Structures are given as C-alpha cells and as structure tokens.
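Have a look at the structure below, then the notes.
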Amino acid sequence: MELPILKERDRIIQAVSDNPVIVVVGETGSGKTTQIPIFLYEAGFAESGVIGITEPRRVAATSTAKYVAGVIGSTPGDLVGYQVRFDDETTVGTALKFMTDGILLREFQIDSNLSRYSVVLIDEAHERSQNVDFILGLLKDLLKRRRDLKVVVASATIDEQKFSNFFNRAPVINVSGRMFPVEVVWGKEDVDEEMIVEVMADAIAEIHRSEPEGDILSFMTGEDQIRRVVESLERMKLTDLVLVPAHASLPWEEQQKIFASYPGKRKVIVATNIAETSITIDGIVYVVDSGFIKQMNFHPESGIQSLDVVLHSKSGCEQRRGRAGRTQPGKCFRLYAESDFRERPQFTEPEIKRISLAGVVLAMKDIGIDKVEEFEFVDPPSREAFHEAHETLIALGAIQRGSHGLTDIGKMMAGLPLEPRIARMIIEAEKHGCTKDVATIAAFLSGRQVFARPKGKEIQADRAHVALKNPASDALTFLRVWDKYEDSDFDNQWCYDNFLNARVLREVDDIRYQLFNILESYGFEPTESSDTAVIAKAVAMGLAYSLLEHRSRHSYGGVLRQIDDVFIHPGSAIFGLSNSRWIVASEVVRTTKTYARGCTEVKPEWLPDMAPQHFKRGEPVVARYLKGAESAVISKAVLDGYGHELGSSEESVPVAEAIAIQKARVRDAESKGLLKLTFHNEASGRYSFTASFVAEAGGKRYKASYHAKVEEGVPYYCKVVDTYLGQTTVEPVFQVFAFNNPAPSPGQPLSSVEELAQKRGASLGRQ
DNA sequence: CTCTCCCTT
C-alpha cells in the first residue's frame with residue numbers, strides 16, 4: 001500500500017514555497033515524519049541551508065535519520081545526519097539534520113537567528129512538550145527577522161487550528177493515515193480510582209474469554225496499580241494468558257518481555273502512559289483504557305509539585321485507542337461512560353503551563369529576550385509562573401532584582417544542560433574546590449532513579465542500599481555510590497548485586513563528562529575535596545530557595561516560601577535518621593503527602609549565605625588569637641530573625657580589626673548592662689559561677705550554674721536569652737580576653753565558644 | 001512518616 005502522504009507531495013512543496021509557516025496534520029501511519037524531509041530535500045530546500053527536523057525522543061531522531069539516509073542512499077552522518085545528547089553524527093555536508101528538540105534549543109542559545117537552517121520541521125508538535133512550546137514561540141519571533149526561513153509544524157491530532165492561528169493563519173494540510181478501524185465499547189458507569197483495579201482485571205478476563213485472538217494493551221496510572229491488576233488476574237488462573245507489566249522503572253530484562261511474542265498465548269500488557277507515545281508494540285488488537293493518567297503539576301505560589309491522578313483528555317484517550325488499529329481492525333474498551341468522555345477537556349494542558357518556568361526564563365535571557373512576559377507562547381503561562389521564575393533566578397543569583405540581563409553566574413548557569421538550581425551548585429563548587437564532586441552529584445540529581453527495588457526483593461534491595469547511604473545527605477550518598485561504582489571498574493554485575501540501575505549509572509557517567517567539558521570551557525579547574533561539609537554546602541546553596549525547617553515531630557516547613565507539612569520521603573537516605581533542624585530538598589512533590597526528596601542536612605553556619613534576609617552573622621567572638629600573627633580568626637554567631645543564636649562560623653580578619661571589634665563590643669555590652677561573669681576554680685576541678693542579674697530580665701533575679709572548662713579568671717559577658725523552647729538560659733555572647741595577659745603560644749587556641757556550646761545546658765533556677 | 005507519568009539540553 002502506498003503511503004497516503006505521497007499524494008500530497010506537490011501540495012506540500014508548493015505550500016512551503018508560498019508560505020513562511022505551514023501546518024501538516026497527519027494521523028499515525030501517514031509517513032509524514034520520514035517523507036516530508038525527503039520532499040523538501042528533493043525540492044531543493046537544502047541548497048540555501050540545512051533542513052532541521054526535531055523529534056521529542058532520542059530514539060525517534062536517530063532511527064528516522066537512519067531510515068531516511070537509507071532511502072536517499074546516504075550513510076548516517078553524511079548527507080543525512082542526526083544529533084542527540086552525547087551523539088553527534090553530522091558533518092559540514094549534512095543537509096538533513098534530525099535532532100531532539102532540546103538540541104535545537106541549544107542552537108538557539110548559540111545562534112538566535114538559526115542562520116544555518118533554511119527549513120525547520122517540528123514533529124509531534126501535538127505532544128506540546130515544554131521544548132516544543134518554547135521553540136514555537138522562538139520561531140514566531142525569529143520569522144520577524146528571517147523572511148527566508150521556512151517552518152513546518154507537524155501534528156498528529158486535530159489541534160491544527162491553534163497552531164495555524166498562532167502563525168497568522170498558516171495553511172493547514174491534512175494527510176490521511178493508514179489506520180484500521182477501531183470500534184469503541186463504552187463502559188456503563190463511571191468508575192472511581194478505588195474500583196478501577198478490579199474493574200480493569202475483570203474487563204481483561206472477559207475479553208480473554210469472549211473475544212477472538214489478539215493481544216491486549218491496558219492503560220493504568222502507575223506501577224502500583226499495574227502490580228495490583230497483574231496480581232488480580234494471576235489469582236483468576238486464566239489459561240493461555242501472559243501478563244507483562246510495562247513502565248519506565250522496569251529493569252532491562254523485564255522490558256524485553258513487552259516485545260517478545262508468545263505463540264499460542266494471548267499477551268496482556270498492563271502499561272502506564274509509556275505505551276501511549278514512547279513505545280510502540282506490534283500486534284495489539286484490543287485496548288482497555290482506564291481513562292486515568294498521572295500528571296505532574298507545578299504550583300508557583302509554593303514552588304512545590306504535585307503528582308495527581310486525573311481524568312485523561314479526549315485527545316489522549318483517542319491516542320490510546322489508536323494503539324489497537326496498527327496492523328488490523330481492533331476494539332477499544334473504555335471503562336467509562338460516553339457521557340463522561342464528552343465532558344472531558346479536549347486536550348491535555350500543555351507542559352509549559354504545568355512546570356517551573358525558571359529554566360525557560362533563564363534560556364530566554366541567555367538568548368537575549370529581556371521582556372519575557374511579552375514573549376508569545378501558543379498558550380501563555382500565568383503571571384504567577386513568571387513571578388516564581390524571576391524570584392527563583394534572583395535567589396540563585398542568576399539575575400538581579402530590577403535589571404533585565406543575566407549576571408555572570410546566570411550566564412554560566414545557562415550554558416549547563418541542567419535545571420537552574422542544579423547548575424547553581426556547580427558554580428558554587430568552583431569557589432570551594434569541589435567541582436568534580438558536585439558535577440557528579442548534579443549528574444545523579446538530573447538523571448533517573450538509581451536505587452532499584454524489584455518486586456519480591458525489596459528486603460534484599462534495602463539491605464544492599466543501607467551500606468551505600470549517607471545518613472546526612474542523599475547528595476553525599478550519590479557521591480559514595482559513584483566512588484564504589486568506580487572501584488568496581490564500572491561493573492554491571494556489581495550494580496546488579498547492589499540493586500542499582502546500571503543504565504542510569506552509565507548515563508550519569510555520560511552527563512559527568514559532558515559537564516566536565518563545559519566546565520573546562522569556563523576555565524574551571526576539575527577539583528575534588530575530601531571535606532564532605534564543603535561539598536554539602538555547595539549543594540545546599542543551589543537548593544537554598546527550598547530551605548526547610550523542622551516544625552513538629554516529622555514535619556518540616558518552608559523558610560523562604562509558604563510550604564507546610566512536608567515529610568522526608570521514605571526513599572531518602574536521611575529518612576528516619578536525621579534530627580537536623582534545617583534541610584534542603586532537590587524536589588518537593590505532593591502525592592499522598594507532601595514529600596521532600598533528595599535531602600541534605602544544613603549546618604546553621606551556612607544559613608547567612610543561603611538566606612541572608614533571614615539569618616545574620618551576630619556579634620563577633622574572638623575565638624583564637626595568635627600573637628605576632630597578622631590576622632586573627634574570629635567566630636561570628638549565626639542569628640535568626642529574633643536574635644537567637646543558631647550556630648557560628650569563622651572568618652579571618654586583621655588582628656587590629658579583631659581588637660577594635662572586641663573593644664567596641666565590650667563598651668556596647670557594658671552600656672546595655674550586660675552581665676560580666678568571671679570564672680573561678682573550685683576544689684572539684686570544675687568551674688562555676690553564681691550571678692545576680694537585673695538588667696535584661698524584667699527585674700527578676702536568676703541563679704545560674706554553668707559547668708564548663710574555661711580559662712580561669714577569664715571574664716565573659718553574657719545575656720539572658722529566651723530561647724524558642726521557652727526556657728531561659730544564660731549564654732556567652734562573646735569572650736573577652738585580657739590583652740595584657742600572657743598570650744598563648746602561636747597555633748594554640750584559647751578556650752572557645754564552640755567548646756562552651758558543647759557543654760551548654762546551664763541549669764537555672766529562679767530565686 | 002513509608003514510595004512517582006513521561007521526556008530532554
């Protein structure tokens with residue numbers, strides 16, 4: 001049978017010649033993906049530049065390039081080339097370039113005029129991925145500058161009017177498909193989420209009993225539902241039935257079963273949305289559709305995401321139906337009523353309206369688009385989404401409040417193929433000499449789930465994972481996994497034994513090297529640190545905007561944003577082990593609860609750097625004083641917005657400055673009537689004091705005893721602090737040295753506030 | 001306190 005699109009060859013070529021933009025609507029099997037590029041090439045459009053074709057997935061870009069190369073009589077990488085992440089098979093002679101849409105976006109960042117291209121074809125535009133929507137906006141803008149550029153938007157469903165209107169009523173060419181008819185069988189009543197597993201299992205059993213031979217494809221929302229459907233069918237003990245789950249987190253061996261044929265038996269694939277677009281299975285005759293999907297949504301007010309089970313759109317359900325008619329006529333059983341279907345939205349909400357815009361806005365600014373709110377999208381995101389993107393980028397230091405362009409940090413972030421927050425970590429790592437470590441962590445954070453927990457082996461998997469986990473940080477856990485993987489010499493068997501996903505680790509390896517190359521181009525030295533606190537701090541700096549503070553029992557709340565009732569995800573390395581007051585998370589997602597994933601404990605002394613508007617360095621304390629040295633290490637308390645001391649950090653200042661600070665503080669303390677305490681040796685060997693105090697305690701007298709090893713005769717200034725627990729304690733505000741006392745030998749620290757802090761717990765009783 | 005669709009630079 002001849003491809004239907006061949007009949008439209010001349011019309012398509014003519015329309016492209018006459019118009020800057022055309023929209024081609026072709027059903028599955030129309031051959032538009034392979035044929036339109038060939039038409040354009042044969043019509044001479046490659047003479048003035050490259051014909052670029054974008055695909056949403058890597059396999060689609062590489063496999064169609066190989067197919068078209070065969071038709072034209074070229075080898076891939078010559079006349080017909082492809083470029084996807086990690087794999088560039090193009091040369092200067094490449095006239096037809098297939099690529100993922102992410103690659104075309106990169107090219108916009110390098111050359112916003114796309115000067116090399118004569119034609120750009122955006123395939124699968126109906127999927128409305130974030131990248132496609134961004135590219136369509138960029139192309140509309142570019143067409144004002146490049147009158148010679150030709151754009152072809154290829155879409156599978158009936159969304160063509162929207163695209164046509166967006167591009168000033170561009171002509172639409174319809175190409176019929178080569179689909180076999182698929183009869184729809186409607187459900188009698190609406191089924192809710194609770195009942196759907198049993199209803200699905202019963203429907204599959206009934207089809208198996210009453211319908212002629214042919215494989216079945218069932219659509220459910222997630223791994224858990226799939227498992228329950230399979231278990232339910234197994235209990236029915238049906239004969240000649242093979243049950244095959246299909247979802248993204250399946251190990252490689254299991255995935256192969258999806259495509260295998262089982263002679264004499266009926267194959268039943270119970271799948272997530274992976275089978276709607278990403279994988280195509282031959283020989284499906286029956287589709288059973290639950291009508292639900294899991295969808296990620298982003299909430300700009302709080303910065304959290306939610307993974308929700310929602311009713312699938314009409315176009316999505318139609319796409320599922322089409323999976324049955326690829327090789328012969330089929331049937332689609334919908335487990336919902338026709339009246340319910342009619343009330344559903346026509347299309348799935350485009351991704352650009354359901355994600356954080358921070359990465360898109362960063363890329364826009366990098367391309368030179370300053371007025372981002374005026375950028376024309378097919379479906380413009382909300383004002384709140386733009387506001388969130390701005391605030392996030394300001395918090396990361398990529399832009400400055402009140403100015404349009406990117407900072408130097410922002411420019412470097414935009415060059416890294418990572419989410420802005422993850423990119424920010426690496427910039428921070430450069431300052432602290434741990435770029436290799438943090439780039440490795442970034443590769444893990446941007447990749448897929450590395451810890452595998454196969455069905456039936458959960459206990460063995462958990463046991464293997466415990467040995468790899470760092471109880472203070474998922475980021476440091478990733479670093480440990482990487483070190484062990486290197487020690488194993490990148491051994492697949494080691495991955496298998498330790499229940500780690502080997503494919504993900506190989507991808508991490510590729511991402512690492514890509515990042516190293518980019519960092520080298522920035523002039524960053526590849527550095528490693530043995531200090532895990534330094535590495536963790538760089539990670540925390542990137543995630544500072546999602547700083548979480550412990551609230552009650554197991555729940556955390558946002559410090560910089562309004563986020564409440566967040567729980568550490570059970571899959572996190574710090575789950576059940578952390579008692580840190582602050583943590584950061586790489587992701588906050590609401591499912592059954594709001595969970596923080598990718599967690600790292602935060603030390604109090606990092607807080608003034610992470611959130612300067614909420615945490616300040618307090619009054620300085622001279623902790624160490626070296627005679628004859630040019631500088632002294634002073635320790636600054638970390639105070640929260642109420643003046644509570646949360647920790648301390650050290651910095652080096654000239655000795656003269658340290659002395660000046662001290663003297664000023666002594667005067668200041670005395671003027672405020674702060675208590676001066678002098679420690680005296682007791683026979684027990686302990687130091688203690690009894691103090692009377694009036695100045696800051698509302699006229700009440702306090703008796704305090706403090707057990708700590710401190711220098712005899714050293715005076716301390718103290719203040720009464722009402723802590724957040726509601727208990728009153730006496731804390732040293734700073735230590736005063738007598739400068740005419742014999743100085744300690746160089747390098748010998750005097751007793752420090754840290755030491756006191758460890759022994760904190762002054763017992764107090766009111767008189 | 002107990003677990004998440006799919007992609008991609």
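This structure is a prediction, so every number in the text was calculated from the model and none was measured. Naming convention: chains lettered A, B, ... in sequence-line order (proteins, then strands); numbering from 1 in each chain. When reading the values below, keep in mind they use all heavy atoms of this one structure, side chains included, and skip hydrogens, waters and symmetry mates.
At a threshold of 4.0 angstrom between heavy atoms, the contacts of A:L105 with the nucleic acid are absent.
Where A:P570 and A:S278 meet DNA chain B, the nucleotide closest to each residue was compared, and A:P570 sits on the side nearer the 5' end. Residues A:M296 and A:F567 each lie close to DNA chain B; by heavy-atom proximity, the contact nearer the 5' end of the strand is made by A:F567.
In this structure, a donor-acceptor pair under 3.5 Å is present between the side chains of A:S572 and A:D474. Side-chain atoms of A:Q346 and A:S313 form no donor-acceptor pair, as typed in the model, at a separation below 3.5 Å. Looking at A:S315 and A:H126, their side chains never bring a donor and an acceptor atom within 3.5 Å of each other. Defined by atom type and a distance below 3.5 Å, a donor-acceptor pair is missing between the side-chain atoms of A:N131 and A:S129.
Rounded to whole angstrom, the span from the CG atom of A:L362 across to the P atom of B:dT8 amounts to 21 Å. B:dC5 atom P lies 20 Å from atom CD of A:Q130, rounded to whole Å. Atom CG of A:N517 is separated from atom P of B:dT9 by 16 Å (rounded to the nearest Å). A:R227 has its CZ atom 11 Å from the P atom of B:dC5, to the nearest Å. Here the P atom of nucleotide B:dC6 and the CZ atom of A:R320 are 12 Å apart, to the nearest Å. As a whole-Å value, the separation of A:F134 CZ from B:dT9 P is 16 Å. Remark: C1' of B:dC6 and CD of A:Q305 are 13 Å apart, rounded to the nearest angstrom. We find that CD of A:E587 is positioned 16 Å from P of B:dC3, with the value rounded to whole Å.
For A:R344 and A:D340, the salt-bridge test passes: some basic side-chain N is under 4.0 Å from an acidic carboxylate O. Under a 4.0 Å N-O distance rule, the pair A:E124/A:R57 does not qualify as a salt bridge.
One finds no side-chain N or O of A:T592 lying less than 4.0 angstrom from the OP1 or OP2 phosphate oxygen of B:dT2. Between A:T272 and B:dC6, a side-chain N or O to OP1/OP2 separation shorter than 4.0 Å is present. Under 4.0 angstrom from either OP1 or OP2 of B:dT8 there lies no side-chain N or O belonging to A:S129. Distances shorter than 4.0 Å separate none of the side-chain N or O atoms of A:R453 from OP1 or OP2 on B:dC3.
You'll find that the side chain of A:E223 is closest to B:dC5, out of B:dC7, B:dC3, B:dC5. Among B:dC1, B:dC6, B:dC5, the nucleotide with an atom closest to any side-chain atom of A:A248 is B:dC6. In the set B:dT9, B:dC1, B:dT2, B:dT9 carries the atom at the smallest distance from any side-chain atom of A:V84. Among the nucleotides B:dC5, B:dC3, B:dT8, the one closest to any side-chain atom of A:R58 is B:dT8. You'll find that the side chain of A:R57 is closest to B:dC7, out of B:dC5, B:dC7, B:dC3. Considering only the side chain of A:I274, B:dC6 comes nearest among B:dC6, B:dC5, B:dT8. You'll find that the side chain of A:R85 is closest to B:dT9, out of B:dC1, B:dT9, B:dC6. Minimum atom distance to the side chain of A:K593 is reached by B:dC1, of the listed B:dC3, B:dC1, B:dT9. When the nucleotides B:dT8, B:dC3, B:dC6 are ranked by their closest atom to the side chain of A:Y595, B:dC3 comes out on top.
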